[in-house]
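Structure, as structure tokens:
Side chains are part of it too, since the values below use all heavy atoms of this structure and drop only hydrogens, waters and symmetry mates. We count residues from 1, following the sequence as given.
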Amino acid sequence: MKKLTTLFAATALATLMAGSAWSKTFVYCSEGSPEGFDPGLYTAGTTFDAAAHTVYNRLLEFKKGTTEVEPGLAESWTISDDGLEYTFKLRPGVKFQTTEFFTPSRDLTADDVVFSYERQLKADNPWNKYIAGTSWEYAAGMGFPEVIKSVEKVDDLTVKFTLTRKEAPFLANIAMPFASILSKEYADKLQADGKMEQMNQMPLGTGPFAFVAYQQDAVIRYKANPDYWGGKQKIDDLVFAITSDASVRYQKLQAGECHLMPFPNAADVAKMKADPNLKVMEQAGLNVSYLAYNTTQAPFDKPEVRKALNKAINKQAIVDAVFQGAAQPAVNPIPPTMWSYNDKLEDDTYEPEVAKKMLEDAGVKDLSMKLWAMPVSRPYMLNARRAAELMQSDFAKVGVKAEIVSYEWAEYLDKSKAKDRDGAVILGWTGDNGDPDNFLDTLLGCNAVGGNNRAQWCNQEFDALVKKAKETSDLAERTKLYEEAQVVFKREAPWATIDHSLSVVPMRKNVEGFVQSPLGDFAFDGVDITE
């Protein structure tokens, strides 16, 4: 796809805004470009917002503003006494979107559910490797190929999942973006036409908004789905105006060129709150930012080296400079608002002289390393470049030379997965389902090495605790196991935990119905704009 020039992108956006005279157009100044439009292939919130929360639905959904699951495409479900069989009754009459590129001939059936899961679970499925260089990273990281024994059609409106073991967070897991339901009929047509890659470029689902067009790195356009099972939206047209610079997003918000923006600069929040044309939502984020060492590469394969580097980092200075009070230094890999958070653990104290001595004792001197800085703002890290510069200065004080590197967002996410990646990478996570498993196993489990586990850390003691916690439904026992896992994490230090931040969402005063999500997503069903 051809990139727009800045002038053409601005003209296109102005034209879209002008269209609001005859239709209600909502413009969201998004922070970055999606990696693609098939949510099963990716893990970034930017991509989920552009695909999963607009075009698609899941069997279950998260109730607005909570981590509580509620019926989605499945209107009810039952669980067998042994906890190994989940049977879902599908909502009748759910229609797939009609677009310029495809007209469906039937409603949602169990065939679509089976297709949507089997393509991720079965290596011999023709859709398993339809996009070269990608993988079903989230499904693999959650252990779905091992956990799900089968997905079977019982009848047109009934589908049964059989598991290999009990999986306590299973219902929450299938409400997550990667478990979105696609149209098998559309997939069959693309396969027959030899255009399978179009699934990742021109998505089609059952969600509140239908995809219209994407002008790369500039604008994504959607229209309200008139046949949406939840009712047609009050917004006629939805536009994602891709604006990577937070200051520019703010300028557009002030000028009325967009209605809502994510991830403002911390320094701008007070001015936003004082602007009579804007309103600002805030809540504690279910998130963590971290620096992941590549624990398979010397000298980062030694816990004592990783702990020494952790003691060299002044996390409070990063929080003060990047968030200006709207965050707190992170101790654990899960946020303090999450159940099973181990509040008995103490953080690595900032002691550069001690850190320098620890490195000497470990036989490390004249260390040079790469320090990866994200190119986009995320709720857990508003300015990774600034954070990296502060870390670079901290490391220099203990004799470590750090070179800051970065890439375009999709490339950054892809390259940072490499098992032979040099140095340490700044990344973070906002929980996708409210369960500790979504942090501890998804980001640090052995299943996730080469994917979400950017530390490439496979610790058998930690992994056994987390896996055992998944298999029990007793909350007290799960809590105890996760607390023990956090002890192992802190001892072994595969990451330097950086911060947990507030989630701040500024918008125009005339925006109504937007519900801030504890999961950090941006969904616009139910949203309206008044005159």
Side-chain angles (χ1 to χ4, degrees), residues 35-36 38-44 47-48 52 56 58-60 79-80 82-88 110-153 159-182 184 187 196 199-200 413-414 417 419 429 432-433 435 437-454 456-460 462-472:
E35 302 149 280
D38 183 342
L41 291 170
Y42 307 106
T43 65
T47 300
F48 291 160
Y56 296 109
R58 275 66 49 202
L59 289 175
L60 305 182
I79 307 172
S80 63
D82 62 6
L84 297 180
E85 291 184 356
Y86 289 71
T87 303
F88 296 89
D111 292 321
D112 302 301
V113 179
V114 173
F115 162 73
S116 298
Y117 278 88
E118 286 195 341
R119 70 198 188 109
Q120 302 189 50
L121 301 175
K122 295 187 174 183
D124 60 352
N125 186 285
W127 284 88
N128 188 259
K129 298 178 177 63
Y130 86 99
I131 298 294
T134 63
S135 63
W136 307 104
E137 182 179 343
Y138 221 137
M142 303 293 284
F144 268 29
E146 296 79 40
V147 172
I148 299 177
K149 181 179 180 180
S150 64
V151 186
E152 301 171 86
K153 174 183 178 180
V159 62
K160 183 175 74 173
F161 288 70
T162 302
L163 308 187
T164 59
R165 63 169 189 257
K166 290 183 178 180
E167 185 80 353
F170 183 69
L171 291 178
N173 290 346
I174 65 170
M176 291 162 57
F178 80 96
S180 294
I181 305 302
L182 284 64
K184 183 179 186 301
M196 293 171 72
M199 183 70 82
N200 197 34
L413 290 169
D414 184 56
K417 298 174 195 172
K419 293 184 179 181
W429 193 256
D432 286 319
N433 66 9
D435 196 286
D437 175 76
N438 186 239
F439 286 78
L440 300 178
D441 192 38
T442 301
L443 302 180
L444 294 160
C446 293
N447 283 334
V449 169
N452 282 329
N453 189 338
R454 294 316 203 277
Q456 315 299 343
W457 183 65
C458 180
N459 180 281
Q460 296 301 327
F462 176 92
D463 208 58
L465 289 165
V466 171
K467 294 296 189 290
K468 187 176 179 181
K470 289 162 69 86
E471 296 177 22
T472 178

Could you walk me through whether I181 and F115 pass side chain to side chain contact (heavy atoms under 4.5 Å, CB included), step by step?
CA-CA 8 Å; I181 305 302; F115 162 73; over 6 Å; no
Please check: side-chain N/O of N453 versus main-chain N/O of W457, any donor-acceptor pairing under 3.5 Å?
yes
For the student: nearest non-hydrogen atoms of M199 and A187, plus distance
CE-CB, 3.6 Å
Over all atoms of both residues, closest heavy-atom pair of D441 and K470
OD2-NZ, 3.3 Å
Donor-acceptor under 3.5 Å (Q456 side chain, K417 main chain):
yes
Backbone N or O of G36 within a donor-acceptor pair of the N200 side chain at under 3.5 Å?
no
Any Y130 side-chain heavy atom under 4.5 Å of D38 side chain
yes
So, taking the atom named CG in L59 and the one named CG in L171, what distance separates them when rounded to the nearest 0.5 Å?
10.0 Å
Atom CE in M142, atom CG in N452: separation rounded to 0.5 Å?
9.5 Å
Y86 versus I174: any side-chain heavy-atom pair under 4.5 Å?
no
I'd like to know whether R454 forms a side chain to side chain contact (heavy atoms under 4.5 Å, CB included) with L413, so could you lay out the CA-CA distance, the side-chain angles of the two residues, the decisive distance to 0.1 Å, and finally the verdict.
CA-CA 10 Å; R454 294 316 203 277; L413 290 169; 3.8 Å; yes
Apply side chain to side chain contact (heavy atoms under 4.5 Å, CB included) to residues N447 and K467 and explain how you reach the verdict.
CA-CA 10 Å; N447 283 334; K467 294 296 189 290; 3.5 Å; yes
Do W136 and F144 have ring centres separated by under 6.0 Å?
no
Tell me whether S180 contacts the main-chain N or O of A52 through its side chain, where contact means a donor paired with an acceptor under 3.5 Å.
no
Distance from E137 atom CD to T43 atom OG1, nearest 0.5 Å?
4.5 Å
In terms of heavy-atom contacts, E35 and A44 come closest through OE1-CB, 3.2 Å
Interatomic distance, S150 atom OG to K160 atom NZ [nearest 0.5 angstrom]:
7.0 Å
Would you confirm whether D463, through its side chain, and G445, through its main-chain N or O, come within 3.5 Å as a donor-acceptor pair?
no
Smallest separation among heavy atoms of D414 and G133, with atom names
OD1-O, 4.3 Å
Can you list the residues that meet the side chain to side chain contact (heavy atoms under 4.5 Å, CB included) rule with V147, with sequence neighbours excluded?
L163, R165, E167
Checking the side chain of T164 only, and the main-chain atoms of E146 only, is there a donor and an acceptor separated by less than 3.5 Å?
yes
Any side-chain heavy atom of T472 sitting closer than 4.5 Å to one from K166?
no
Give a yes or no on whether K468 atom NZ has more than 12 heavy-atom contacts from other residues, nucleotides or ligands under 6.0 Å away.
no
Does any part of the side chain of V113, heavy atoms only, come nearer than 4.5 Å to the side chain of F88, both counted from C-beta?
no
Let me confirm one number: the CD-CD1 distance from E118 to I148, rounded to the nearest 0.5 Å.
10.5 Å
Find out whether M176 and P39 are in side-chain contact, i.e. whether some heavy atom of one side chain is under 4.5 Å from a heavy atom of the other.
no
Rounded to the nearest 0.5 Å, what separates atom OG1 in T134 from atom CG in L41?
4.5 Å
Give a yes or no answer on whether the side chain of E85 reaches the backbone of F161 with a donor-acceptor pair at less than 3.5 Å.
no
In the structure I gave you, are the side-chain heavy atoms of F170 and I79 within less than 4.5 Å of one another anywhere?
no
For the backbone of R119 and the side chain of N128, can you confirm whether one donor and one acceptor N or O come within less than 3.5 Å of each other?
yes
What closest approach, in Å, do Q120 and A139 show between heavy atoms, and which atom pair accounts for it?
OE1-CB, 3.4 Å
